[in-house]
Amino acid sequence: MILAVVATWGSRQLVKDRLDHVVLTVRDLAFALVILVLFTPALWILTWILCAASGHDAPGLLAVGTYGALFSTGLVLVSKGEAPPENDEGIEAPQPRLVSRLPDGFRGDILRLAVRDHYVDVVTTSGTYTIRSRFTDAIAEMEPISGHCTHRSHWVTDAAILEIQKNNGKTYLRLRNDDLVPVSRKYKPKLEEDGVI
């Protein structure tokens, strides 16, 4: 049992460290093969020692290999049910409270907020929606989504930023939807401090 635990742990670490980026089915196969390679010779040696001590003939490596294959296959099948994958597509990221102010059935990502008089334009991947709100309240309702004010009238989500553009000495952020959002001198130091620009 100790041998099995050590072989399983060693195999899992080796596959996890070296093949973590590979598709799951390939990882499963690699995991089973590594267990087979590590476990079968050790099991054969242990069987040979026990059989020699009791005066019996030891089974061949091929016969012991069958048990190793069964063991490794069983471990892979059991390990698939241990935990859901880290990036489970069925688990949705937490939505900001501001989404509740958008039309029912809204699907998409909020890219930025822009203030206009007593209204806030909520620019999303599925269109622009206008809500009646103070700008500071709308920004507060964007938690837990991280973002920054770039201008007294503009707030952008960090995930929406594609690149920084300079035009006639002025700085702009280009977003995923190709919007150009101005960066004012007042907010530029904070954006630089946070590594956004």
Side-chain angles (χ1 to χ4, degrees), residues 12-31 76 79-197:
R12 185 179 294 278
Q13 290 303 114
L14 183 63
V15 171
K16 186 177 176 185
D17 292 344
R18 306 276 179 176
L19 299 170
D20 197 42
H21 63 284
V22 181
V23 180
L24 186 61
T25 54
V26 176
R27 287 185 68 211
D28 287 342
L29 179 62
F31 185 48
V76 168
S79 68
K80 284 184 76 70
E82 283 179 356
E86 289 178 15
N87 296 326
D88 189 357
E89 292 179 3
I91 299 174
E92 292 186 12
Q95 290 288 331
R97 287 178 311 177
L98 190 70
V99 169
S100 66
R101 291 162 159 259
L102 302 180
D104 289 341
F106 166 76
R107 291 283 179 262
D109 298 323
I110 297 175
L111 304 176
R112 67 183 181 93
L113 306 175
V115 68
R116 186 167 43 87
D117 296 325
H118 298 292
Y119 296 91
V120 173
D121 288 334
V122 182
V123 180
T124 75
T125 53
S126 59
T128 300
Y129 305 94
T130 302
I131 60 172
R132 186 171 177 83
S133 174
R134 290 189 309 170
F135 192 48
T136 53
D137 292 341
I139 292 170
E141 289 182 31
M142 281 302 296
E143 288 186 11
I145 306 299
S146 63
H148 287 83
C149 276
T150 64
H151 184 276
R152 66 188 174 102
S153 302
H154 296 281
W155 182 91
V156 300
T157 64
D158 293 341
I161 301 169
L162 276 186
E163 64 180 2
I164 297 109
Q165 290 187 355
K166 302 262 185 181
N167 190 1
N168 295 329
K170 294 184 179 179
T171 305
Y172 296 88
L173 297 179
R174 188 166 74 85
L175 307 186
R176 287 171 18 204
N177 64 345
D178 284 330
D179 282 357
L180 283 178
V181 180
V183 175
S184 69
R185 282 179 288 172
K186 177 182 176 182
Y187 292 97
K188 191 173 182 180
K190 176 63 175 168
L191 292 166
E192 289 174 337
E193 181 186 324
D194 291 347
V196 176
I197 61 173

Practice item. For Y119, enumerate each residue passing the ring-ring contact (aromatic ring centres under 6.0 Å, His included) test, keeping only those at least two apart in sequence or located in another chain. Key: none
Just wondering, do [Y] and [X] contact through their side chains at under 4.5 Å, heavy atoms?
X	Y	value
I145	I110	no
L111	T124	no
K170	P182	no
D194	D158	no
N167	L180	no
R176	T125	yes
L102	V122	yes
L173	R112	no

Looking at [atom1] of [X] and [atom2] of [Y], how far apart are the two atoms once the value is rounded to the nearest 0.5 Å?
X	Y	atom1	atom2	result
K188	H151	NZ	NE2	13.5 Å
Q95	D109	CD	CG	7.5 Å
M142	R97	CE	CZ	11.0 Å
E141	T136	CD	OG1	10.0 Å

[X] side chain to [Y] backbone, donor-acceptor under 3.5 Å:
X	Y	result
T128	V123	no
N177	D179	yes
R101	R132	yes

Practice item. Flag yes if more than 12 heavy atoms outside Q165 fall under 6.0 Å of its CD atom; otherwise flag no. Key: yes
If you take all heavy atoms of [X] and [Y], which pair is closest and at what distance?
X	Y	answer
V115	R152	CG1-O, 4.2 Å
F135	C149	CE2-SG, 4.4 Å
V156	I161	CG2-CD1, 4.0 Å
S146	W155	C-CZ2, 4.3 Å
P144	P96	CD-CA, 4.4 Å

Point to revise | Residues which pass side-chain hydrogen bond (donor to acceptor under 3.5 Å, both in side chains) with T130, listed by chain and number, not counting sequence neighbours | key: R116, D121
Point to revise | L113/L98 under side chain to side chain contact (heavy atoms under 4.5 Å, CB included): CA gap, chis, key distance, verdict | key: CA-CA 11 Å; L113 306 175; L98 190 70; 3.7 Å; yes
